Amino acid sequence: APGPGEWVGRARAVQAVGVRGGDHGAWGRGVEGGRAVVGATGPDGLGSVRVYHAALLALVAAMDGDLSEAEHLLELCELPADELGADTVARMSATQALVAGNGEDAVRLAQAAVTAAERTDDLNLQGAMRLTLARVTDDPHEAEAARRLFESKGNVAATGTIGLSSYRP
């Protein structure tokens with residue numbers, strides 16, 4: 001049977017292919033598939049995997065504007081931050097920032113996401129966190145920093161989305 005990572009990977013693939021192909025119901029099916037995996041991993045020693053995938057799916061939902069789904073998935077992130085990887089902490093903080101909207105809390109959370117991402121070597125994660133900061137502050141300099149990070153990684157798709165009309169979904 002496929003492991004948790006494989007199922008979440010499959011859910012994300014269904015989402016990406018379906019949405020790009022015009023099947024907007026693919027997003028919901030992908031979220032449901034991911035939620036089933038995240039919900040099933042529970043107390044059997046996969047807690048950090050559960051939180052990793054919940055944070056990943058929560059950020060995807062928040063970036064797509066589905067804030068209620070993002071909040072629901074954040075509820076599954078019950079482990080303390082010091083037991084999680086910097087990438088998971090970054091995604092959780094970024095999701096919380098997007099859910100908070102505008103204001104001091106959103107900026108503080110987005111800056112925490114950037115700081116956590118900078119502890120990794122993941123340029124795509126760092127770019128996504130800079131883009132989150134750009135969204136909550138409407139700062140074009142942060143968007144440009146995100147663009148540079150995506151370009152240095154060769155992520156043409158992410159680079160192309162910056163500046164399409166708004167930093168917000």
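The structure displayed is predicted, hence computed values, not measured ones.
- For the pair Ala117 and Ala90, the tightest heavy-atom approach, listed with the atom from each and the gap, is N-CB, 3.8 Å.
- Under the 4.5 Å side-chain heavy-atom criterion for ILVMFWY residues, a single connected hydrophobic cluster contains both Leu125 and Val136.
- Rounding to the nearest 0.5 Å gives a distance of 11.5 Å between CG of Asp139 and CG of Leu131.
- Across Thr95 and Ala70, no two heavy atoms sit closer than the pair CG2-CB, 3.8 Å.
- Of all the heavy atoms in Ala97 and Ala110, the pair that sits closest is CB-N, 3.6 Å.
- When hydrophobic residues (I, L, V, M, F, W, Y) are linked wherever their side-chain heavy atoms come within less than 4.5 Å, the members clustered with Leu67 are Val99.
- Hydrophobic clustering (side-chain heavy atoms under 4.5 Å, transitive across Ile, Leu, Val, Met, Phe, Trp, Tyr) groups Val89 together with Val51.
- Taking CZ from Arg91 and SG from Cys77, the interatomic distance works out to 11.0 Å, rounded to the nearest 0.5 Å.
- In plain terms, the two heavy atoms of Ala158 and Asn155 that are nearest each other are N-OD1, 2.9 Å.
- Between the CG atom in Leu98 and the CD atom in Glu71 there is a gap of 11.5 Å [rounded to 0.5 Å].
- Using a cut-off of 4.0 Å between Lys/Arg side-chain N and Asp/Glu carboxylate O, Glu151 and Arg148 are scored as not salt-bridged.
- Looking at every heavy atom in both residues, Ala134 comes nearest to Ala143 through CB-N, 3.5 Å.
- For the pair Phe150/Asn124, a side-chain contact is recorded, criterion being any heavy-atom separation below 4.5 Å from C-beta on.
- For Ala94, the side-chain contact (heavy atoms from CB on, under 4.5 Å) test picks out Leu59, Ala113, Met129, Thr132, with sequence neighbours left out.
- Summarising the geometry of Gln96 relative to Leu74, their closest heavy-atom pair is CG-CD1, 3.7 Å, with the distance given to 0.1 Å.
- In this structure the side chain of Lys153 never reaches within 4.5 angstrom of the side chain of Gln126, judged on heavy atoms.
- Grouping Ile, Leu, Val, Met, Phe, Trp and Tyr residues whose side-chain heavy atoms lie under 4.5 Å apart, directly or via other members, leaves Val156 alone, with no other cluster members.
- Residues Leu133 and Met63 fall within the same hydrophobic cluster, defined by Ile, Leu, Val, Met, Phe, Trp and Tyr side chains chained together at heavy-atom separations under 4.5 Å.
- For Asp87, there are no side chain to side chain donor-acceptor pair (under 3.5 Å) partners two or more places apart in sequence or in a different chain.
- In this structure, Asp64 contributes its side chain and Asp66 its backbone to no donor-acceptor pair below 3.5 Å.
- Between Leu73 and Glu69 the shortest side-chain heavy-atom distance falls below 4.5 Å.
- Judged as a side chain to side chain donor-acceptor pair (under 3.5 Å), the pairs with a partner in residues 104-120 (not counting sequence neighbours) are, in order, Glu118-Arg130.
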